[in-house]
Amino acid sequence: MSPVPRIAPASPEALDRAVALLRAGQLVAFPTETVYGLGADASDPEAVARIFAAKGRPNDHPVIVHVAPGNDVSAWAATINDDARTLIDAFWPGPLTLILPRAAGVPDAVTGGQETVGVRCPSHPVAQALLSAFGGGVAAPSANRFGRVSPTTAQHVADEFGPELSLVLDGGPCEVGIESTIVDVTGDTPVLLRPGHISTAMLAGALGKPVLTRAELDARMNAGAQAAREVPRVSGALAAHYAPRTPLERVPAGALDLRARLLVAAGRRVGVWSTVKPAADVIWVGAPLDPVAYAQDLYAMLRFLDTQGCDILLVDALPDTDAWSAVNDRLGRAVVGSGDG
Ligand code: TXA
Ligand code: MG
């Protein structure tokens, strides 16, 4: 095995090699439209265990099973109710993960021992080519070390791993840039477990009924309006996640320049990702004004600024609207988890 992962364009030969590795119980990193995934044969508990070892991730955290378009989801899910069917028809292939009741025989290593399984059909052509050629489900978390910034290029993946990963299929930079939306459709009311490019408004539009966030579900349960329901664990929902090693701070847009000046005056080396360039002497990268473009750049920018030897990173606090909710979610966790390196 090579000491560092080899990055290979997704040629027929590289895809053959990737399939052979998966069949042998080894790991393969591959592009999806959201972020790069660290894949293993989802039907092989030992292969899935290699994912956890490589990531340094607690092994009771469930992983998403990726399937090719047209692949039989009932191999993974015991039931596919009307809501699940509607969302599959509306958004697959695409950046949406459904939490479904697990089918018999799905390894505990995949579900984290829970009675549910996360399934997603990615739209990236390289992911689809790999999944179709492999034929089975591929368990894949984001291809980063636990708690760190998710990778949106093949190089990001190669930077994170050593000999435990031999092959990274290169499919270019990820278009969406943040992880899939996750919806639990195991109950009467669909629950949003992780916001993403597919918004609650889009989900509700397709379903013809509202989708609750976790906080809304909790509020209803507290009010006794709904029978207690166990909502599954989502590791991406930990407060500290997606984090750069440099401390990261969100500053109200109008106050960013002043904050930067004070830090610079105190001798700090400051990195800034903001829509307006601060007058202060900082390392500055311009941020897009549009939430879709912002999400696409987010992780690459956090990674880039993390390599600039800064004492602190500043970003604009963004609008508190539905369109920005997935970006705000990831930035909030990045702020909490930042600064331990
Ligand atoms: O966009 C994505 O979803 C990417 C790409 C590679 O597909 N994958 C990804 O995987 O973000 P990961 O492991 O980094 O995040 C998956 C999240 C975790 O927070 C996990 O807890 C949750 O999905 N999850 C998986 N199966 C679940 C289940 N049965 N119940 C609740 N949450 C689940
Ligand atoms: Mg992840």
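Indexing begins at 1, ligand by ligand and atom by atom, following the structure's order.
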Asks: To the nearest 0.5 Å, what is the distance between NE2 on H124 and NE2 on H66?
Replies: 12.0 Å
Asks: Can you find an N or O of T34 that's nearer than 3.5 Å to an N or O of ligand 1?
Replies: yes
Asks: Does any non-hydrogen side-chain atom of D41 lie less than 4.5 Å from one of R23?
Replies: no
Asks: At less than 2.8 Å, would any N/O/S atom of S150, backbone or side chain, sit next to the Mg ion (ligand 2)?
Replies: no
Asks: W324 vs Y294 aromatic rings, parallel, tilted or perpendicular, using cut-offs 30° and 60°?
Replies: perpendicular
Asks: Give the numbers and elements of all ligand 1 atoms closer than 4.0 Å to a heavy atom of V117.
Replies: 29 (N)
Asks: As a check for students: among S142, P151, G112, A139, identify the option with a heavy atom nearest to atom 9 (C) of ligand 1.
Replies: S142
Asks: May I ask you to list the atoms of ligand 1 that are less than 4.0 angstrom from any heavy atom of I182?
Replies: 17 (C), 22 (C), 23 (O)
Asks: What part of H61, side chain, backbone, both or neither, has a heavy atom within less than 4.0 angstrom of ligand 1?
Replies: neither
Asks: Yes or no: does R194 have any heavy atom under 4.0 Å from an atom of ligand 1?
Replies: yes
Asks: Decide whether an N or O pair under 3.5 Å exists between R57 and ligand 1.
Replies: yes
Asks: Run the numbers for me: atoms of ligand 1, each under 4.0 Å from some heavy atom of I99, listed by number.
Replies: 27 (C), 28 (C), 30 (N), 31 (C), 32 (N), 33 (C)
Asks: Would one find more than 12 heavy atoms of other residues, nucleotides or ligands at under 6.0 Å from atom CG of D89?
Replies: yes
Asks: Flag yes if V285 and V149 sit in one hydrophobic cluster, no otherwise; membership is Ile, Leu, Val, Met, Phe, Trp, Tyr, and two members link when side-chain heavy atoms are under 4.5 Å apart.
Replies: yes
Asks: Please walk me through it: do D184 and T186 pass side-chain hydrogen bond (donor to acceptor under 3.5 Å, both in side chains)?
Replies: CA-CA 6 Å; D184 176 357; T186 59; 2.6 Å; yes
Asks: Quick one: look at H66 and ligand 1, take heavy-atom pairs under 4.0 Å, and tell me if it's side chain, backbone, both or neither.
Replies: side chain
Asks: Taking 4.0 angstrom as the limit and counting only heavy atoms of G37, give me the atoms of ligand 1 inside it, by number and element.
Replies: 6 (C)
Asks: Using a strict cut-off of 4.0 Å, indicate which atoms of ligand 1 neighbour a heavy atom of S180.
Replies: 1 (O), 2 (C), 3 (O)
Asks: Answer whether the closest heavy-atom distance between the side chains of S166 and L21 falls below 4.5 Å.
Replies: yes
Asks: Ligand 1 and T32, any nitrogen or oxygen pair closer than 3.5 angstrom?
Replies: no
Asks: Are side-chain heavy atoms of L165 and V157 found at a separation under 4.5 Å?
Replies: yes
Asks: Out of all atoms in ligand 1, which are within 4.0 Å of some heavy atom of Q114? Include the element for each.
Replies: 28 (C), 30 (N)
Asks: Hydrophobic clusters here meaning ILVMFWY residues chained together by side-chain heavy-atom distances under 4.5 Å, can you tell me if W273 and L263 are in one?
Replies: no
Asks: Near E179, which atoms of ligand 1 are under 4.0 Å from a heavy atom of that residue?
Replies: 1 (O), 2 (C), 11 (O)
Asks: Can you tell me how far the CG atom of L87 sits from the OG1 atom of T97, to the nearest 0.5 Å?
Replies: 11.5 Å
Asks: Should you measure from each heavy atom of T116, which atoms of ligand 1 turn up under 4.0 Å away?
Replies: 28 (C), 29 (N), 30 (N)
Asks: So, do H156 and Y299 have ring centers that fall under 6.0 Å from each other?
Replies: no
Asks: Any N/O of T111 closer than 3.5 Å to an N/O of ligand 1?
Replies: no
